[in-house]
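Everything below concerns the one structure shown next.
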Amino acid sequence: MKQKTKQVVPPMKVKLTKLFAEFFSSEQASGVILILCTISAITIANSSLGKGYLDFWHTKVGFEIGNTVVNYSVEHWINDGLMAIFFLLIGLEIERELYVGELSNLKNASLPIVAAIGGMATPALIHFLINRGTETQGGIGIPMATDIAFALGVLALLGSKIPASLKVFLTALAIIDDLGAIIIIALFYVGDLSVSNLLWSFGVFAGLMALNRIGVRGLAFYVIPGILMWYFMFQSGIHAAVAGVLLAFAIPFGRGDEGSPSYKLQHFLHKPVAFMIMPLFALANTGIVFTGRWVEGLTTSNSLGVLAGLFVGKPLGIFAFCYLAVKIGLSQLPGDLSWKHIIGAGFLGGIGFTMSIFITLLAFSNPQVIQSTKMSVLLSSLLAGVIGFFLLNRELSNYPDEAI
């Protein structure tokens, strides 16, 4: 009787480009720094220096040009100004992934795309079911996000045994996740909409696209009007971070080589974003004060929705959607990955941190709700990161070393 031979799917064919390696490495390092900044912010906020520390981030800083007065807190400048640069970098990486990177091949891209969809839909559904009809229903987008820096930072702790397919899968998953978060921010987290300012912003964007089309390659011709586009977007009621992504897609990509304006800007932004902008965001937004009844904040419907969404919904959605996609033939599991790898990566996808806190600040205005939500984000991110690390470490211990 003939035995059926098991079909072995080869490892995902990936070309880890120089720019992808830079992005991966900078995000890894940033993850470690973010952990240190978060611990520092929480420690200082709960010490005798806490009041002065928190007051500093609310200090007003601004300028006046003619009749235009711009005066906002340091925290506001970081969250609405510097974070737009972070989203510019993410936009540039998304563009590179789509055109010449790991997502340019549909066969390779299908698995992380499906994983990202499951990793967004399942946590959102869980949060909605727990918070349906309540005033915190607007927090549905909070557990949908994945923090690229933290997730890759935890992956880096696993050392040289990480398969290339796993690096690409998790990075692509997190990037697609962030793209989904950007779309959600643009569509659902809108303040008092100013149509005129929005039209001005889109007008600048259209002008930048025209410059791209006629072959203008100087970065200054895009960055300077890009600041104007950011200002109009900021005034429109739609979060200014969206302007960062629009600017990324307006900058000429060409063939994506080292002479490309897009390549040059992305290369330049890696270190400032990883070692300045993200740490500042963490320092400004994770100074959580633990009062005598802080545990009660974790039992609210919103906090439970965030905790369950990130810690349960993320790995469940990522694994279930991937498993289904492979079973129906839509995607394939690379030969150097197992389902345990996918489960472990799913837990790392549950590290919401930066993006979840970012959406929290857009979703709520009540300081108590914001504080309790931040605590639930930190707790669920910690639990997901620890479980993901140990699952992957156990699975990778059976594999020979692979150079990063």
Side-chain angles (χ1 to χ4, degrees), residues 11-12 24-25 27-39 42 111-112 115-116 118-120 122-123 126 143-174 177 282 286 298 303-304 306-323 326 333-357 375-404:
M12 183 186 291
F24 187 85
S25 298
E27 293 298 324
Q28 284 180 334
S30 180
V32 176
I33 294 171
L34 283 175
I35 294 172
L36 296 175
C37 287
T38 301
I39 293 171
I42 294 173
L111 193 66
M120 289 186 284
T122 310
I126 289 174
M144 295 172 70
T146 296
D147 187 295
I148 296 179
F150 257 118
L152 298 187
V154 174
L155 197 64
L157 297 176
L158 295 166
S160 59
K161 293 180 180 179
I162 311 167
S165 296
L166 185 59
K167 299 177 200 173
V168 172
F169 174 78
L170 184 59
T171 304
L173 161 64
D177 212 320
T286 59
L298 296 175
S303 293
L304 291 174
V306 172
L307 281 163
L310 286 172
F311 185 60
V312 178
K314 272 287 184 181
L316 177 62
I318 289 170
F319 173 77
F321 274 58
C322 284
Y323 187 80
V326 170
L333 188 69
D336 55 348
L337 296 187
S338 68
W339 287 115
K340 290 180 181 178
H341 285 124
I342 301 299
I343 295 172
F347 274 101
L348 295 189
I351 305 176
F353 194 70
T354 305
M355 291 300 297
S356 292
I357 290 175
M375 284 190 286
S376 62
V377 167
L378 291 179
L379 179 59
S380 51
S381 296
L382 175 64
L383 290 172
V386 170
I387 297 296
F389 172 82
F390 281 110
L391 285 176
L392 287 173
N393 187 52
R394 183 175 178 181
E395 182 65 10
L396 292 172
S397 63
N398 301 319
Y399 289 78
D401 285 1
E402 179 175 323
I404 293 181

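Numbers here simply count residues along the sequence, with the first being 1. The structure displayed is predicted, hence computed values, not measured ones.
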*Check the side chains of S380 and K314 for a donor-acceptor pair under 3.5 angstrom, ignoring hydrogens and angles.*
no
*Backbone N/O of T354 and side chain of D147: donor-acceptor pair under 3.5 Å*: yes
*Looking at CE of M375 and OG1 of T286, how far apart are the two atoms once the value is rounded to the nearest 0.5 Å?*
13.0 Å
*What residues form a side-chain contact (heavy atoms from CB on, under 4.5 Å) with V386, not counting sequence neighbours?*
L382, F390
*Rounded to the nearest 0.5 Å, what's the gap from CZ on R394 to CG on L158? Could you check?*
14.5 Å
*Of all the heavy-atom pairs spanning I126 and G313, show the shortest one and how long it is.*
CD1-CA, 3.5 Å
*Are any non-hydrogen side-chain atoms of L155 and F389 less than 4.5 angstrom apart?*
no
*Report the distance from atom CG of L392 to atom CD1 of I162, rounding to the nearest 0.5 Å.*
9.0 Å
*Give the minimum heavy-atom separation between P123 and G118, together with the two atoms involved.*
CD-O, 3.8 Å
*Side-chain touch L391/K340, heavy atoms, less than 4.5 angstrom*: no
*Between I318, L173, L170, which is the residue that forms a side-chain contact (heavy atoms from CB on, under 4.5 Å) with L348?*
L170
*Between S376 and L379, is any pair of side-chain heavy atoms under 4.5 Å apart?*
no
*Check whether any side-chain heavy atom of C322 sits under 4.5 Å from a side-chain heavy atom of L111, and report yes or no.*
yes
*F347 and F311: CA distance, side-chain angles, deciding distance, ring-ring contact (aromatic ring centres under 6.0 Å, His included) verdict*: CA-CA 7 Å; F347 274 101; F311 185 60; 5.8 Å; yes
*Might you point out which heavy atoms bring D336 and P163 nearest each other, and give the distance in Å?*
OD2-CB, 3.6 Å
*How close do G317 and T122 get, heavy atom to heavy atom, and via which atoms?*
CA-OG1, 3.2 Å
*Report the residues that fulfil ring-ring contact (aromatic ring centres under 6.0 Å, His included) with Y323, sequence neighbours left out, ordered by chain and then residue number.*
F319, W339
*Taking S381 for the side chain and G352 for the main chain, is one N or O donor matched with an acceptor at less than 3.5 Å?*
yes
*asked:* Quick check against the 3.5 Å criterion: does T146 have a side-chain atom that pairs as donor or acceptor with the backbone of I148?
replied: no
*Please name the pair of heavy atoms, one in L310 and one in A145, separated by the smallest distance, quoted to 0.1 Å.*
CD2-O, 3.9 Å
*Search all heavy atoms of I42 against all heavy atoms of L378 and return the closest pair with its distance.*
CD1-CD1, 3.9 Å
